[in-house]
Amino acid sequence: MNTRGDYAHPEPVAAATVAVVTPPPVVDLPRDSAVSWGAILAGAIAAAALSLILVILGVGLGLSSVSPWSFEGVTAETFGWSSIAWLTFTAIAASGLGGYLAGRLRTKWSNIHGDETYFRDTAHGFVSWAVATLLTAALLTSAIGGILGAGAKVAGATAGAAASTAGGIAAAGAGSAAMGSDQGDVQYWVDSLFRATPAAAPPAPPTGPADPATPPAPSATGALPPPRPMPGADRRPDSREVRTEVNRIIVNSLKSDTMEPADTQYLAQLVAAQTGMTQAEAQARVTDVQTRLRAALDNAKEQAKQAADDARKATAYAALWLFITLLIGAFIASLSATWGGRRRDL
């Protein structure tokens with residue numbers, strides 16, 4: 001009996017073989033950018049260049065179709081609709097070209113959904129249109145400002161002229177009268193006041209020799225001819241001074257609705273003294289000239305208001321149609337970009 005607790009040694013176990021598997025290194029694949037700025041800029045530059053060419057061509061065709069001569073060239077309405085049609089064609093052609101290039105020249109995207117590709121192509125076309133619009137606006141700043149701002153400027157100017165027509169004429173007439181000039185805005189009406197009436201034809205001179213001892217025959221009314229005035233007896237004021245004073249009176253009367261009765265009577269006296277008319281006839285002439293002058297001013301005001309209203313309507317229509325044209329261009333650019341993107345992925 002083994003009292004020492006000796007046991008039999010177990011047989012040695014063979015060492016286990018462990019296979020270590022090393023995974024390959026993970027390499028991140030380069031991600032495709034969602035925006036191809038090179039393609040966008042290429043499409044935008046092409047669209048801006050085509051827009052510039054077509055606008056210049058449209059200006060040439062438009063100027064060749066109008067004429068300042070009566071009954072020649074197209075009417076204003078035809079010219080307006082033709083301009084709108086040409087701008088729409090320009091927007092469609094330029095935006096279509098820019099959008100197609102932006103979609104066709106972009107990088108090819110992989111491992112993305114079809115809807116994402118369609119969205120990216122649409123965004124490329126829209127951004128290309130936006131950049132092209134800004135470039136075109138920068139190139140045509142003067143032309144666009146002239147087209148859109150001319151109507152507003154004319155409307156403001158003519159509206160101001162309609163409100164201050166009488167005041168402007170009065171100021172110009174006052175300056176002309178102060179300088180003693182023979183030209184002025186109211187000088188015509190001053191000339192109308194002092195316009196001589198047609199006189200009767202003078203009697204025919206006698207054909208035979210006149211007898212020196214024979215006194216002159218009395219006139220048909222029985223009165224002798226007026227005596228010759230003595231030197232210095234004619235103290236009537238200078239005609240230029242009279243006209244200058246009348247000019248100032250008329251200019252001052254334009255500031256109110258009617259002329260003062262005292263001024264009317266004084267003008268009648270001056271007209272009678274200068275033209276030889278009776279006081280009643282001179283009074284009637286002053287009243288008639290005043291009536292025609294104010295009628296002319298009212299007509300000028302109405303024409304100015306009509307011009308301002310026409311300019312306002314033209315500016316509003318031009319702005320609205322330009323807005324619609326820009327929207328059409330954005331839609332065509334986005335649609336063309338999707339078409340170009342599909343051709344790129346083939």
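Note that this is a predicted model, so its numbers are computed, not measured.
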*Asks:* With heavy-atom distances below 4.5 Å as the criterion, would you say the side chains of F323 and L327 are in contact?
*Replies:* yes

*Asks:* Counting N and O atoms only, with roles assigned by atom type, does the side chain of S336 sit under 3.5 Å from a partner on the main chain of A333, one being a donor and the other an acceptor?
*Replies:* no

*Asks:* Roughly how far apart are T258 OG1 and Q290 CD, rounded to 0.5 Å?
*Replies:* 8.5 Å

*Asks:* Do any N or O atoms from the side chain of R294 and from the backbone of D257 form a donor-acceptor pair under 3.5 angstrom?
*Replies:* yes

*Asks:* Give the C-alpha distance, both sets of side-chain angles, the deciding distance and a yes or no for side chain to side chain contact (heavy atoms under 4.5 Å, CB included) between T244 and V190.
*Replies:* CA-CA 9 Å; T244 302; V190 176; over 6 Å; no

*Asks:* Between CH2 of W129 and CD1 of I328, what distance do you get to the nearest 0.5 Å?
*Replies:* 11.5 Å

*Asks:* Crowded around F194 CZ? As in, over 12 foreign heavy atoms under 6.0 Å?
*Replies:* yes

*Asks:* Do you know the tightest heavy-atom contact between R243 and D191?
*Replies:* NH1-OD1, 2.6 Å

*Asks:* Starting from the C-alpha separation in whole Å, work towards a yes-or-no answer on side chain to side chain contact (heavy atoms under 4.5 Å, CB included) for Y188 and S192.
*Replies:* CA-CA 6 Å; Y188 167 78; S192 299; 3.8 Å; yes

*Asks:* Only distances under 3.5 Å count here; give the side-chain donor-acceptor pairs of residues 35-44 to other protein atoms, sequence neighbours excluded, each with its distance to 0.1 Å.
*Replies:*
from : atom 1 : to   : atom 2 : distance (Å)
S36  : OG     : T107 : N      : 3.3
S36  : OG     : T107 : OG1    : 3.4

*Asks:* Tell me if the CH2 atom of W321 is crowded by more than 12 foreign heavy atoms within 6.0 Å.
*Replies:* no

*Asks:* L54 and W86: which non-hydrogen atoms are nearest, and at how many Å?
*Replies:* O-NE1, 2.8 Å

*Asks:* Are V242 and M259 co-members of a hydrophobic cluster defined by side-chain heavy atoms under 4.5 Å apart?
*Replies:* yes

*Asks:* May I ask you to decide if R195's main-chain N or O and R285's side chain share a donor-acceptor pair within less than 3.5 Å?
*Replies:* yes

*Asks:* Please check this pair: side chain of S64 against backbone of L61, looking for a donor-acceptor N/O pair closer than 3.5 Å.
*Replies:* yes

*Asks:* Can you list, pair by pair, the side-chain donor-acceptor contacts under 3.5 Å of residues 261-272, counting residues two or more places apart and other chains?
*Replies:*
from : atom 1 : to   : atom 2 : distance (Å)
T264 : OG1    : E260 : O      : 3.1
Y266 : OH     : E245 : OE1    : 3.2
Y266 : OH     : E245 : OE2    : 2.9

*Asks:* Transitively linked via ILVMFWY side-chain contacts under 4.5 Å: L52 with V131?
*Replies:* no

*Asks:* Is there side-chain contact between L101 and H124, with heavy atoms separated by less than 4.5 Å?
*Replies:* no

*Asks:* Answer yes when E116 and R120 have at least one side-chain N-carboxylate O distance shorter than 4.0 Å, and no when they do not.
*Replies:* yes

*Asks:* Provide the closest heavy-atom pair for T275 versus L193 in the form atom of the first, atom of the second, distance.
*Replies:* CG2-O, 4.3 Å

*Asks:* Tell me, please, which residues at least two apart from R104 pass side-chain hydrogen bond (donor to acceptor under 3.5 Å, both in side chains).
*Replies:* Y100

*Asks:* If you count every heavy atom of other residues, nucleotides or ligands that lies below 6.0 Å from R343 atom CZ, does the total exceed 12?
*Replies:* no

*Asks:* For the atom pair CG (L322) and OG (S83), what is the distance rounded to the nearest 0.5 Å?
*Replies:* 12.0 Å

*Asks:* Is a donor from one side chain sitting under 3.5 angstrom from an acceptor on the other, for T75 and T78?
*Replies:* yes

*Asks:* Transitively linked via ILVMFWY side-chain contacts under 4.5 Å: L87 with I56?
*Replies:* no

*Asks:* In terms of hydrophobic clustering (I, L, V, M, F, W, Y; side-chain heavy atoms under 4.5 Å; direct or indirect links), are F89 and L50 co-clustered?
*Replies:* yes

*Asks:* Can you measure from CG (L57) to OG1 (T90) and round to the nearest 0.5 angstrom?
*Replies:* 8.0 Å

*Asks:* Please round to the nearest 0.5 Å and tell me the distance separating atom CZ of F331 and atom CD1 of I92.
*Replies:* 10.5 Å

*Asks:* For a quick test of reading the model, state the closest non-hydrogen atom pair linking S128 to G99 and the distance between them.
*Replies:* OG-N, 4.5 Å

*Asks:* Between I324 and T88, does the side chain to side chain contact (heavy atoms under 4.5 Å, CB included) criterion hold? Intermediate values first, please.
*Replies:* CA-CA 9 Å; I324 295 174; T88 304; over 6 Å; no

*Asks:* Can you tell me how far OG1 of T315 sits from CG of L320, rounded to the nearest 0.5 angstrom?
*Replies:* 11.0 Å

*Asks:* Between K305 and D309, is there a side-chain N and carboxylate O pair less than 4.0 Å apart?
*Replies:* no

*Asks:* Below 4.0 angstrom, N of the basic side chain to O of the carboxylate: do R344 and D121 qualify?
*Replies:* no

*Asks:* When hydrophobic residues are tied together by side-chain contacts of less than 4.5 Å, even through go-betweens, does V251 share a cluster with V246?
*Replies:* yes

*Asks:* Using modelled atom types and a 3.5 Å cut-off, is there a donor and acceptor pairing between side-chain atoms of S95 and backbone atoms of G329?
*Replies:* yes

*Asks:* Could you pull out the closest heavy-atom pair between A47 and G98, with the gap in Å?
*Replies:* CB-CA, 4.0 Å

